[in-house]
K.L.:
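One structure, as structure tokens, below. Some questions next.
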There are 2 protein chains.
Amino acid sequence: MTELGERGETLLKTLIELYITEGQPVGSRTLARHTDLNLSPATIRNVMSDLEDLGLIQSPHTSAGRIPTQQGYRLFVDSLLTIKPLNSEAVENIQSRLTTESDPQALLASVSEVLSKVTHFAGLILIPGRENALLRQIEFLKLSDDRVLTIMITDDGRVQNRVIPTDRPYSESELTQAANYFNGTYVGSSLASVRRALLGEMKTDSDTMHEIMKTAVTVAGKFFDEEENDRDDVVLTGEENLLNIPDLCQIDTLQKLFDAFKTKQDLLDLLDRSMRVNGISIFIGEESGYRALDDVSVVTAPYETDGSIVGTLGVIGPTRMDYEEVIPIVDITARLLSGALSGRHLTESDSSG
Amino acid sequence: MTELGERGETLLKTLIELYITEGQPVGSRTLARHTDLNLSPATIRNVMSDLEDLGLIQSPHTSAGRIPTQQGYRLFVDSLLTIKPLNSEAVENIQSRLTTESDPQALLASVSEVLSKVTHFAGLILIPGRENALLRQIEFLKLSDDRVLTIMITDDGRVQNRVIPTDRPYSESELTQAANYFNGTYVGSSLASVRRALLGEMKTDSDTMHEIMKTAVTVAGKFFDEEENDRDDVVLTGEENLLNIPDLCQIDTLQKLFDAFKTKQDLLDLLDRSMRVNGISIFIGEESGYRALDDVSVVTAPYETDGSIVGTLGVIGPTRMDYEEVIPIVDITARLLSGALSGRHLTESDSSG
DNA sequence: TATAGCACTCGAAACCATCGAGTGCTAGGG
DNA sequence: CCCTAGCACTCGATGGTTTCGAGTGCTATA
């Protein structure tokens with residue numbers, strides 16, 4: 001790519017900043033006024049023409065000013081932006097939220113909420129799957145002759161319950177014994193390994209198994225079979241904020257967006273991809289590759305527990321968002337959350353219920 | 001109110017039906033064509049003028065056709081509409097959903113979903129509080145020195161868990177004994193009475209209480225203290241459907257609406273009110289009394305478990321919705337749900353974990 | 001009482017002129 | 001060689017005018 005020169009960079013930077021705050025195409029005169037280069041509009045025009053040739057800016061029509069292209073934004077966030085000092089009120093807001101909430105699931109959801117409140121865009125967070133969590137306890141409760149309530153607790157303090165339809169009635173004591181057997185065998189193992197073990201058990205010739213074992217394997221097997229069991233999930237908050245944004249006033253754009261919000265699959269994919277990157281990811285407009293997100297930008301940052309990345313959080317806003325403000329907010333939120341999450345595991349002791 | 005006459009009623013009815021399907025103000029000529037009264041447009045005009053004087057229809061401007069007013073819709077739904085025969089596909093859709101889902105919480109949520117799918121509007125359902133549910137089992141699990149995970153199971157098969165911060169560390173055996181004591185004392189009581197009993201216990205001079213009892217009362221007390229514990233809740237689905245609706249194309253209208261969807265308080269109030277009515281309730285435009293709902297209509301119907309009303313479900317759509325189709329859908333959904341909910345309680349037996 | 005006729009109203013659409021912000025280009029100056 | 005001033009040009013936005021047509025209200029009449 002052709003070299004830009006310091007002057008070109010300065011002008012591109014101020015042009016984008018102006019466009020972000022004003023929302024109007026910016027012309028050569030305006031740009032001249034808002035820079036301390038002491039250049040005439042005519043000179044600015046020449047530079048702008050170069051910038052346009054490079055594909056960094058464009059004009060909506062002949063006699064309008066210029067607006068940044070996707071590539072312009074990209075260059076801007078990659079090398080031009082000066083991160084704004086963090087709004088301390090926002091930091092306190094985030095911090096206080098993180099310290100008051102002790103239930104881990106509610107904590108993660110509230111992080112999404114605080115992101116949307118602070119940025120006035122939509123906040124989102126990837127809630128990690130539980131394949132690596134350790135089983136702390138499982139319990140089978142008889143609901144009726146053909147339904148068993150299964151409750152599983154993992155060492156990260158999460159509780160999951162599901163009603164399992166059964167082929168035959170189980171007695172309560174049978175279920176209790178099955179749970180005891182199951183707990184005795186698998187407590188302390190990761191859910192992934194429990195799942196593997198169950199698959200193996202189910203293939204085993206069932207004649208060699210004790211009746212109680214069979215019960216445990218059957219019921220727990222169905223429990224673990226449900227896909228969603230340990231799937232990653234996305235919590236999205238503040239979607240309604242996106243309705244105020246003048247850039248997104250087209251109903252069908254919003255429609256696409258909210259449809260994607262409902263299914264969440266695209267969001268999940270995107271967050272999942274960005275989890276493998278170390279540090280902030282920014283997807284500008286069509287960069288994300290999902291149609292529904294063509295007209296927005298997504299800023300994400302991974303968060304960790306005890307040093308390893310477990311999930312991602314972020315913000316969805318208009319492509320014309322104030323990156324210099326949003327980026328540090330997302331960044332600090334991820335850091336604060338990582339801090340709050342560390343040392344949150346259950347005691348490692350036995351788990352007799 | 002002045003008598004309308006059969007001819008006036010017929011004309012009002014067809015006018016509203018036309019407006020509902022076409023979305024355009026309907027003029028005298030169109031109305032003349034769509035009725036079998038063999039009247040000339042001029043005559044129709046006279047009648048329309050009367051209807052306008054009665055406040056049932058209005059014209060957006062001098063040379064446009066007429067559209068129904070809120071009062072017009074009201075009269076229409078109260079005494080004019082001919083309920084369409086139910087779309088059998090929709091019924092099967094609802095029915096199959098109700099029979100496949102066995103987890104009661106998921107069942108209620110899926111009803112909201114199916115309502116939105118079938119009507120292409122937003123579905124909503126009031127999920128009843130649990131004050132009348134019976135305690136089946138409670139369990140305390142130590143997470144760390146200052147956090148205890150509390151899990152409560154009720155006879156309707158619902159599981160609720162919450163992390164309780166504690167003042168001092170409790171040992172695991174202490175917590176197990178406390179849970180045993182608590183279960184021994186309160187299993188089978190309604191949550192309302194457990195709450196009352198706990199309030200009493202907490203006032204009692206704690207010197208007279210065994211240490212284990214104190215533990216149980218303290219931890220469970222905090223659990224029951226959280227307001228949301230047994231609050232009614234609203235599940236709302238298919239909000240994004242409302243974005244396609246041409247009548248609701250104004251961003252600020254949508255904004256108001258989605259803000260209300262977020263807080264849910266107004267929806268909860270409305271559903272709560274309509275729960276006290278026996279049968280279908282219809283709130284047209286401003287009738288509901290909530291600003292956010294000024295531009296939409298809400299159709300609701302209560303549903304029951306074993307003969308007594310426990311909640312409400314419904315649909316939110318544009319004021320210009322096809323009431324003749326939506327009303328029976330809401331009605332039949334409520335009936336099917338009531339049927340599916342009856343006989344769903346847990347077995348009444350003991351609850352040794 | 002219903003109808004036919006007619007003048008009238010008013011929004012929608014098409015058309016036009018004007019205005020002004022902004023551009024590209026070129027010639028000239030440091 | 002880079003910068004600047006000047007100038008003609010473009011094109012959307014704005015606002016006024018006209019036309020068109022759907023629909024109305026009124027009145028006379030069968």
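It should be emphasised that the depicted structure is a prediction, and the values quoted were computed from it without experimental measurement. Convention: sequence-line order gives letters A, B, ...; per-chain numbering from 1.
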K.L.:
In this structure, are over 12 heavy atoms from other groups packed under 6.0 Å from B:R74 atom CZ?
P.N.:
yes

K.L.:
Report the distance from atom CG of A:N46 to atom P of D:dT4, rounded to the nearest whole Å.
P.N.:
10 Å

K.L.:
Does a donor on one side chain sit under 3.5 Å from an acceptor on the other, for B:S297 and B:Y73?
P.N.:
no

K.L.:
Between the base of D:dC3 and the side chain of A:T43, is one N or O donor paired with an acceptor at under 3.5 angstrom?
P.N.:
no

K.L.:
Shoot me the first and last contacting nucleotide of DNA chain C against chain A, ordered 5' to 3', at under 4.0 angstrom to non-hydrogen atoms.
P.N.:
C:dG20 to C:dG24

K.L.:
Can you pull out every side-chain hydrogen bond (donor to acceptor under 3.5 Å, both in side chains) where at least one residue sits in residues 50-64 of chain A? Sequence neighbours excluded, please.
P.N.:
A:E52-A:R66

K.L.:
Could you check how far CD1 of A:I67 sits from P of D:dG12, rounded to whole Å?
P.N.:
14 Å

K.L.:
Rounded at 0.5 Å granularity, tell me how far CZ in A:R7 sits from CG in A:L39.
P.N.:
5.5 Å

K.L.:
Would you say the rings of A:F76 and A:Y19 are close, in the sense that their centroids are separated by under 6.0 Å?
P.N.:
no

K.L.:
Apply the test side-chain contact (heavy atoms from CB on, under 4.5 Å) to residues A:L248 and A:V296: give CA-CA distance (whole Å), side-chain angles for both, the deciding distance (0.1 Å), then the verdict.
P.N.:
CA-CA 8 Å; A:L248 302 176; A:V296 296; 4.1 Å; yes

K.L.:
Would you call A:D266-A:R291 a salt bridge at under 4.0 Å N-O?
P.N.:
no

K.L.:
Can you give me the closest heavy-atom contact between B:R320 and B:P246, atom names plus distance?
P.N.:
NH2-CG, 4.4 Å

K.L.:
Please report the distance, rounded to the nearest Å, between CD1 in A:I44 and P in D:dT4.
P.N.:
9 Å

K.L.:
Where along residues 22-33 of chain B does a heavy atom fall under 4.0 Å from DNA chain D?
P.N.:
B:G27, B:S28

K.L.:
If you find the nucleotide of DNA chain C closest to B:A42 and the one closest to B:T62, which residue's nucleotide is nearer the 5' end?
P.N.:
B:A42

